[in-house]
There are 2 protein chains.
Amino acid sequence: MTEKNLTLQLDFHSGLPIYTQIANQIQSQLVNGLLKPGDQLPTVRALALELRVNFNTVARAYRILDEARIISTQQGRGTFITEIPPPEVSEKLRSESLLELTDRFIGEALRLGFSEREVSQMVRDRLKVRKEAERQEEE
Amino acid sequence: MTEKNLTLQLDFHSGLPIYTQIANQIQSQLVNGLLKPGDQLPTVRALALELRVNFNTVARAYRILDEARIISTQQGRGTFITEIPPPEVSEKLRSESLLELTDRFIGEALRLGFSEREVSQMVRDRLKVRKEAERQEEE
DNA sequence: TCTTGTATTGTACTAATTGTATCATTGTGT
DNA sequence: ACACAATGATACAATTAGTACAATACAAGA
C-alpha cells in the first residue's frame with residue numbers, strides 16, 4: 001500500500017535526541033520529495049522496531065511534526081503526511097491552498113443546495129461565534 | 001432498481017473517522033435531495049466493498065444515522081431512508097449541515113495558519129468570482 | 001398454498017492495530 | 001550528589017477488522 005520505507009539514519013552519539021533526529025529526517029524527506037502529502041508513515045511501533053528504539057520516542061517525533069502541521073497523527077488509524085503543506089513552506093502555496101480550500105467549501109455548500117447568501121451569512125456567523133469564544137477565554 | 005449509487009468520497013487522511021464521513025455524507029445527500037424518504041441504501045457489505053472498508057465500519061455509520069432516526073435499518077431486509085422525516089427536522093438537518101460544513105472549513109483554514117480576516121476575505125472573493133462567472137454565462 | 005433450503009441482510013461481540021498519556025528509569029552535565 | 005532532559009514501560013483509548021449469529025426474503029418443490 002502507501003507504506004513508505006523511511007531508511008532513517010540515526011546517530012546515537014551525536015548529542016541530538018533521537019526524536020529530534022527522526023523528526024528532522026522525516027521533514028527533510030518531505031522537503032526533497034521522498035515523501036509526499038498523503039503518504040502514510042510507518043506506525044510508531046513499526047518504525048521503533050526498525051530503529052531499535054522505544055515506540056514512545058517515535059511517537060514523540062511524530063508529535064513534534066504533528067504540532068508543526070507537517071504530519072497528521074490519528075489514533076487508531078495511523079500517521080500521514082499532511083495533505084496541504086504547512087503555510088510557512090511557501091507563501092504562494094499558502095494563498096493557493098486557501099483559495100482551493102475555499103472553492104471546495106463553497107462548491108460543496110452550493111452542491112448541497114444552499115444559496116450564496118446563506119453560505120456567506122454562515123461564514124460570518126461562525127467567525128463571529130469563534131471570536132466571541134476567544135474573548136471569553138481571555139477573561 | 002432499489003439500488004442507489006451513493007458516490008461517497010472518503011478522505012482517509014482527514015482525521016475524521018470513516019464512519020463519521022459516511023454518516024455525514026449520507027445525511028448531506030438526504031438534505032440535498034439526492035436521497036429521498038423510502039430510498040434503500042446499499043447493504044452494509046455492498047457499500048463496504050465499494051468503499052474498500054470493513055462492513056462493520058459502514059454498519060457503524062448506519063447505526064449512527066439510525067439512532068438519529070434518519071434511516072431505518074432492518075435486519076434481513078436492508079436500510080432505508082426514514083419515510084416521514086418531520087419537516088422541521090429536515091430543515092434543522094439542513095442548517096446543521098451548513099453549519100458543520102462551515103465550521104469544518106474555518107477550522108481547517110485556521111489550522112493551516114490563515115487568519116480569520118483572510119478566510120473571510122477569501123470567501124467574499126470567491127463568491128464574487130462565482131457571481132461574475134454566472135453573469136458571463138447569461139450574456 | 002405450504003414448506004423448506006439457501007442466500008442475503010443487519011447485529012453482537014471480540015480481536016487487532018493504531019496513537020496517547022503518565023510515570024519510571026537512565027544518563028549526562030554541573 | 002543533583003537537576004533535568006531523554007528514553008523506556010505500562011496502561012489506555014479510538015478506530016477498524018474478523019467471526020459467528022439471527023432475522024428476513026425468496027425461490028423451488030411437494
Side-chain angles (χ1 to χ4, degrees), chain A residues 1-6 8 10-26 38-83, chain B residues 1-4 6 8 10-26 38-83 111:
Chain A
M1 256 268 297
T2 28
E3 194 72 10
K4 287 283 170 175
N5 224 358
L6 287 187
L8 305 184
L10 295 188
D11 181 351
F12 289 90
H13 307 97
S14 73
L16 260 70
I18 308 296
Y19 64 85
T20 304
Q21 296 184 43
I22 296 174
N24 284 348
Q25 293 187 33
I26 289 177
D39 280 350
Q40 176 164 17
L41 297 177
T43 69
V44 288
R45 285 173 178 80
L47 184 53
L49 195 66
E50 183 184 327
L51 299 178
R52 316 291 186 89
V53 300
N54 187 274
F55 71 84
N56 283 296
T57 302
V58 176
R60 185 163 176 185
Y62 280 7
R63 196 176 69 233
I64 289 172
L65 293 172
D66 186 290
E67 283 166 358
R69 310 296 178 189
I70 291 170
I71 66 177
S72 153
T73 63
Q74 298 162 38
Q75 185 169 351
R77 309 258 308 275
T79 80
F80 307 86
I81 303 287
T82 304
E83 285 296 347
Chain B
M1 131 76 225
T2 33
E3 196 71 9
K4 283 283 171 175
L6 287 187
L8 305 185
L10 296 187
D11 180 352
F12 289 90
H13 316 310
S14 73
L16 264 71
I18 307 297
Y19 63 86
T20 304
Q21 294 185 45
I22 296 174
N24 284 348
Q25 293 188 33
I26 289 176
D39 280 351
Q40 176 165 18
L41 297 177
T43 69
V44 288
R45 286 174 177 79
L47 185 52
L49 194 67
E50 182 184 326
L51 299 178
R52 316 289 188 87
V53 300
N54 188 275
F55 71 84
N56 281 298
T57 303
V58 177
R60 184 163 177 184
Y62 280 9
R63 197 175 70 233
I64 289 172
L65 293 172
D66 187 290
E67 284 166 357
R69 310 305 173 108
I70 290 170
I71 65 177
S72 153
T73 62
Q74 298 163 36
Q75 185 169 346
R77 304 213 24 234
T79 79
F80 306 86
I81 303 287
T82 304
E83 276 302 343
R111 196 171 52 76

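Basis for what follows: all heavy atoms, side chains included, without hydrogens, waters or symmetry-related copies. Order of the sequence lines fixes the chain letters, A, B, ..., with proteins taken first and strands second; residue numbering starts at 1 for each chain. Since we're looking at a predicted model, the values are computed, not measured.
- At whole-Å resolution of the value, CG in N54(A) and P in dG27(C) are 14 Å apart.
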Interface polar pairs with nucleotides 3-5 of chain D, N/O, under 3.5 angstrom:
none

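- For the residue pair V44(A) and F55(A), the shortest heavy atom distance occurs at O-CB, 3.7 Å.
- Scanning all heavy atoms of the two residues, the minimum distance from F80(A) to G38(A) falls at CD2-O, 4.0 Å.
- Separating the CG atom of L49(A) from the C1' atom of dG19(C) is a distance of 17 Å, rounded to the nearest angstrom.
- Between the CZ atom of R52(B) and the P atom of dT16(D) there is a distance of 17 Å, given to the nearest Å.
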A correct 5'-to-3' footprint of nucleotides 2-12 of chain C, with B, S and - meaning base, sugar-phosphate only and no protein heavy atom under 4.0 Å, is -------BBBB
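- When every heavy atom of R77(A) is checked against every heavy atom of Q40(A), the shortest pair comes out as O-NE2, 3.8 Å.
- Taking CG of L65(A) as the reference point, atom OG1 of T82(A) lies at 9.0 Å (rounded to 0.5 Å).
- For the pair F12(B) CZ and dG19(C) C1', the computed distance is 19 Å after rounding to whole Å.
- One can place CD1 of I64(A) at 13 Å from P of dT20(C), the figure rounded to the nearest angstrom.
- For the helix from dT1(C)-dA30(D) to dT30(C)-dA1(D), the angle separating the two terminal helix axes comes to 10°, with each axis derived from five pairs and the value rounded to 10°.
- Between V53(B) and L10(B), the closest side-chain pair of non-hydrogen atoms falls below 4.5 Å.
- I18(A) CD1 to N56(A) CG: the interatomic distance, rounded to the nearest 0.5 Å, is 14.0 Å.
- Inter-residue side-chain proximity for D11(A) and L16(A) is flagged as unmet; no heavy-atom pair is nearer than 4.5 Å.
- Using a 4.0 Å cut-off, no side-chain N or O of T57(A) falls inside it from OP1 or OP2 of dA6(D).
- Of all non-hydrogen atoms in I81(B) and I71(B), the two that sit nearest each other are CD1-CG2, 4.0 Å.
- Spacing between atom CZ of F80(A) and atom P of dT18(C) amounts to 10 Å, rounded to whole angstrom units.
- In this entry the distance linking CG of L51(B) with C1' of dT15(D) reads 16 Å, nearest Å.
- Residue A61(B) comes nearest to Y19(B) through the heavy atom pair CB-O, 3.4 Å, listed as atom of the first residue, atom of the second, then distance.
- The minimum heavy-atom distance linking L47(B) with P42(B) is given by the pair CB-CB, 4.0 Å.
- Considering CG of D39(A) and CD1 of I26(A), their distance stands at 11.5 Å, rounded to 0.5 Å.
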